[in-house]
Amino acid sequence: VDQNYEGEIFYLEFEDEDGNKQYFTEDVILNHEGQEYAVLVHVQDEEHEGQDDTYMILARIETNDEGEEEYVPLDEDDENFEVLVNMYEAMGEEE
């Protein structure tokens, strides 16, 4: 997330396999084969202060039956996972 961003930052809450709440912010949206994917960056604590750039999630953005966007985390076995990682890393090399 751009630290100089002056707009509102949204935090996404996920539960891990142990039921612990994890918080993330959206870093960037990637478009691949007509589908949008988000790179979500972990926020270190419940106070939403400080990012942990070493822990990220790739998530497909889907629209649910109510018309709201949902983030569906991808696992490493997803057929697009490696392509999306490469796209994201290439963006970092361009900066």
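Numbers here are sequence positions counted from 1.
The distance from atom OH of Y71 to atom CZ of F14, rounded to the nearest 0.5 Å, is 8.0 Å. Distance check: D27 CG to L40 CG gives 9.0 Å after rounding to the nearest 0.5 Å. E36 contributes atom CD, which lies 5.0 Å from atom CG of N31 (distance to the nearest 0.5 angstrom).
When atom types are taken as modelled, the side chain of E70 and the backbone of R60 share no donor-acceptor pair closer than 3.5 angstrom. The main-chain N or O of N20 is never found under 3.5 Å from a side-chain atom of D18 such that the two would form a donor-acceptor pair. Looking only at distances, no side-chain donor or acceptor of N86 sits under 3.5 Å from a matching main-chain atom of E89.
Residues I61 and Q35 approach most closely at O-NE2, 2.7 Å, considering heavy atoms.
For E76, the CD atom sits in a loose shell: 12 or fewer heavy atoms of surrounding residues, nucleotides or ligands are nearer than 6.0 Å. Under a cut-off of 6.0 angstrom, the local environment of CD in E13 is crowded, with over 12 non-hydrogen atoms contributed by other residues, nucleotides or ligands.
The hydrophobic cluster containing V72 does not contain L58, counting ILVMFWY residues as joined when their side-chain heavy atoms lie under 4.5 angstrom apart, directly or transitively.
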Between L84 and L74, is the side chain to side chain contact (heavy atoms under 4.5 Å, CB included) condition met? List the steps.
CA-CA 10 Å; L84 294 165; L74 303 179; 3.7 Å; yes
Just do the side chain to side chain contact (heavy atoms under 4.5 Å, CB included) check on V43 and F24 with the steps written out, would you?
CA-CA 5 Å; V43 178; F24 292 83; 5.7 Å; no
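Not counting sequence neighbours, the partners of N80 by the side chain to side chain donor-acceptor pair (under 3.5 Å) test are H32, Y37.
Contact of the L30 side chain with the M91 side chain is registered, since non-hydrogen atoms from C-beta on lie closer than 4.5 Å.
Ring-plane geometry between Y55 and H42 is classed as tilted, the angle between the planes lying from 30 to 60 degrees on a 0 to 90 degree scale.
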